[in-house]
2 protein chains.
Amino acid sequence: MAKEEIANENRPLTLRDVSMASGVSEMTVSRVLRGRGDVSDATRTKVLEAAKMLGYVPNKIAGALASQRVNLVAVIIPSLSNLVFPEVMTGISEVLDETPLQPVVGVTNYGPEREEAVLYEMLSWRPSGVIIAGLEHTDASRAMLRAAGVPVVEIMDCDGEPVDAMVGISHRRVGREMAKAIVRAGYRRIGFLGTKMPLDHRARKRFEGFTEALAKEGLEVADQEFYQGGSALVKGREMTEAILTRTPDLDFLYYSNDMIGAGGLLYCLENGIEVPGQVGLAGFNGLRLLDGLPKKLATMDACRAEIGREAARLVAAHAGEDSAGAERHVLTPTLEFGATLKRR
Amino acid sequence: MAKEEIANENRPLTLRDVSMASGVSEMTVSRVLRGRGDVSDATRTKVLEAAKMLGYVPNKIAGALASQRVNLVAVIIPSLSNLVFPEVMTGISEVLDETPLQPVVGVTNYGPEREEAVLYEMLSWRPSGVIIAGLEHTDASRAMLRAAGVPVVEIMDCDGEPVDAMVGISHRRVGREMAKAIVRAGYRRIGFLGTKMPLDHRARKRFEGFTEALAKEGLEVADQEFYQGGSALVKGREMTEAILTRTPDLDFLYYSNDMIGAGGLLYCLENGIEVPGQVGLAGFNGLRLLDGLPKKLATMDACRAEIGREAARLVAAHAGEDSAGAERHVLTPTLEFGATLKRR
DNA sequence: AACCCTTGTGTTACCGCTAACATATCGTGG
DNA sequence: CCACGATATGTTAGCGGTAACACAAGGGTT
């Protein structure tokens, strides 16, 4: 009958064990472990020693349920292999590290249904905030975000209406600005190379902005090429060869990302195509990773880390409230000419 | 007094709300939502409709506490910007997607203290399993892993003693094999280029294996160069220039990762250094990302995705148990000669 | 008709922790 | 010397679910 005295080795430790080992109440142990309330130094030391000796790790599940507070921020992004998103994550972590909040990542693989599922899953842990890439979501997802009762920040994009707050750049504008710079530099026969991803709305918007600005100059995209899967560097080569073979008089190639642009650049250099004289090149993202290429590729920075930081700041500032105050932060990427786009 | 009839709009939804809206007990709602137990079709439909109408999202915190089950797997890795780890993550997700388990990522930035903190934090959510990179941890971390009472899989490395299970490759062997291949190909004046990261134990082991195998052949590393931070591609160029300037008679450069190797390759090509005749090059990782380079870099695959998959399989197979059965899976990376290392 | 099983649903008692309040202890000024 | 505030600690009642068991109703069997 001395059940409570039996040392069942494999039973998980609870506050009660620490409480018994240190001779104070569970409440006091809880206070010590959270650094709350007035506890005498003697007691604090006693408790900390007991906890350490037992190897006690608090149970946040129970804690969260009791306190109705969960220090997690759901971060929902399309992919981790895109290079871009790890950078956003870095920005987010940088800021959240200064707070009690912790990011938890969910990956959607660019699938709206998958996004819905991931969001549902994350919300079921009742996070203190949500950071989610893009402005396009299923109706159900938008409903969940609205009903979540926590700050929601939609990031990366600002062409559209956010549920709550928004931090991003205008991809339409990126496309437009790039088109203008290309035309201003004197190029006229322009090709576009991108991904075959109808669900990558930001790539789509860049393309729309691009064609729209070209149209204003009385031009249109002379040829285009799309790819799916595989190594982006290789695909960039292959697509460049294909498009230049099909339409040899192209004098500019606009790539929807830096990786395929780099592949194209390598192809041109190897095949004696003079860049940027004979053919100009530009990409998108401003990947520092690629700084070491033979020529620096013209590109536009996507402000990834800054977007992450700002989104995290918003969530942190509004944690505990039921929205992020519908703030709208629009960042402005700058064009980097590099060495593959003539200046004027 | 009619408190329970007041529709307080901003109160979070609970099972009780769904229960009241559908006219059955909370327990039955719970059963429907989890798909457990026998529930009549009529009731099931009624409940699902009510839940959907209200926009109810179950509270996993409460669920986990009550059921003593948490379908999360803690995944602890040093970095997300390393390219390698997103690939491991992909392998893990691939397998866990087939199970009720969900990965949760923690990033340590190669800091043992940071790792300890992240581990503590993750264990406090009582995950069903832990996948953690490396075999080197602080004593406290190892104690926590041992005491966690869940399957623990240490990944990426297998030169050392795991706490429980282990899935990885031998980095010592990678270094040795590469050294042997280089010597066999006839190179004798060998330089090493790597990261200045005392805490990257796997890089260290590769280096140790490398020098050890060279020593057996009566050789030693003729010169070395280390870097920290910055764009790996750029650093690869700079270091290559530096080492070749300082020690012009080097005939082989072994890089601790493919990214700096690629930078070195670009440098050599641009400066008319004949590869692999005049100078041979090799890296480590087998990054498909770099397939599109002018010459394919000699490298050794780190089996990243496969490690992720196998680790996830182990955790899934042993979920609910208190260990992963101390299994040891050693994968064998294969040397890819590419076009920068002479054969024989 | 009494019995038992099956199927569907409800009841009760927690899970491990914390908010809020209650209580004990002590020094201190009036 | 006692009321009183400050400080330190304990008690109680949940948080929102779920396990385990209880129970009601219906349909065969014997």
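In what follows, chains carry the letters A, B, and so on, assigned in the order in which the sequence lines appear, proteins first and then strands, with residues in each chain numbered from 1.
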Examine [N]: is either OP1 or OP2 under 4.0 Å from a nitrogen or oxygen in the side chain of [X]? Give yes or no.
X: A:Thr14; N: C:dG16; answer: no
X: A:Ser40; N: D:dT9; answer: yes
X: A:Ser25; N: D:dT11; answer: no
X: B:Ser67; N: D:dT18; answer: no
X: B:Thr28; N: C:dG10; answer: yes

Can you tell me the distance, in whole Å, between the [atom1] atom of [X] and the [atom2] atom of [N]?
X: A:Leu15; N: D:dT11; atom1: CG; atom2: C1'; answer: 15 Å
X: B:Arg34; N: D:dG16; atom1: CZ; atom2: C1'; answer: 12 Å
X: A:Glu26; N: D:dA13; atom1: CD; atom2: P; answer: 15 Å
X: B:Asn59; N: D:dG16; atom1: CG; atom2: C1'; answer: 6 Å
X: B:Asp17; N: D:dG16; atom1: CG; atom2: P; answer: 10 Å
X: B:Ile61; N: C:dG16; atom1: CD1; atom2: C1'; answer: 13 Å
X: B:Leu65; N: D:dG17; atom1: CG; atom2: P; answer: 12 Å
X: B:Arg36; N: C:dT7; atom1: CZ; atom2: P; answer: 18 Å

Is it the case that more than 12 heavy atoms not belonging to A:Arg16 sit under 6.0 Å from its CZ atom? no
Among B:Glu116, B:Glu115, B:Arg142, exactly one meets side chain to side chain donor-acceptor pair (under 3.5 Å) together with B:His137. Which residue is that?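 Going through the options one by one, the only one that passes is B:Glu115.
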Just call it for A:Arg69: base, sugar-phosphate, or nothing, with non-hydrogen atoms closer than 4.0 Å on any strand. sugar-phosphate
So what does B:Asp38 hit on the nucleic acid, given a heavy-atom distance under 4.0 Å: a base, only sugar-phosphate, or nothing?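 The answer is base, as B:Asp38 lies within the cut-off (heavy atoms under 4.0 Å) of a base atom.
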Identify whether the distance between the nearest side-chain nitrogen and carboxylate oxygen of [X] and [Y] falls below 4.0 Å.
X: B:Glu49; Y: B:Lys52; result: no
X: A:Glu136; Y: A:Arg202; result: no
X: B:Arg313; Y: B:Glu306; result: yes

Of B:Asp41 and B:Gln68, the one whose closest DNA chain C nucleotide lies more 5':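 It is B:Asp41, whose closest nucleotide lies nearer the 5' terminus.
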Which comes earlier along DNA chain D counting from the 5' end, the contact point of A:Met27 or that of B:Tyr56, where each point is its nearest nucleotide? A:Met27
If you take atom types as modelled and just measure distance, does the side chain of A:Arg31 reach the base of D:dG10 with a donor-acceptor pair under 3.5 Å? yes
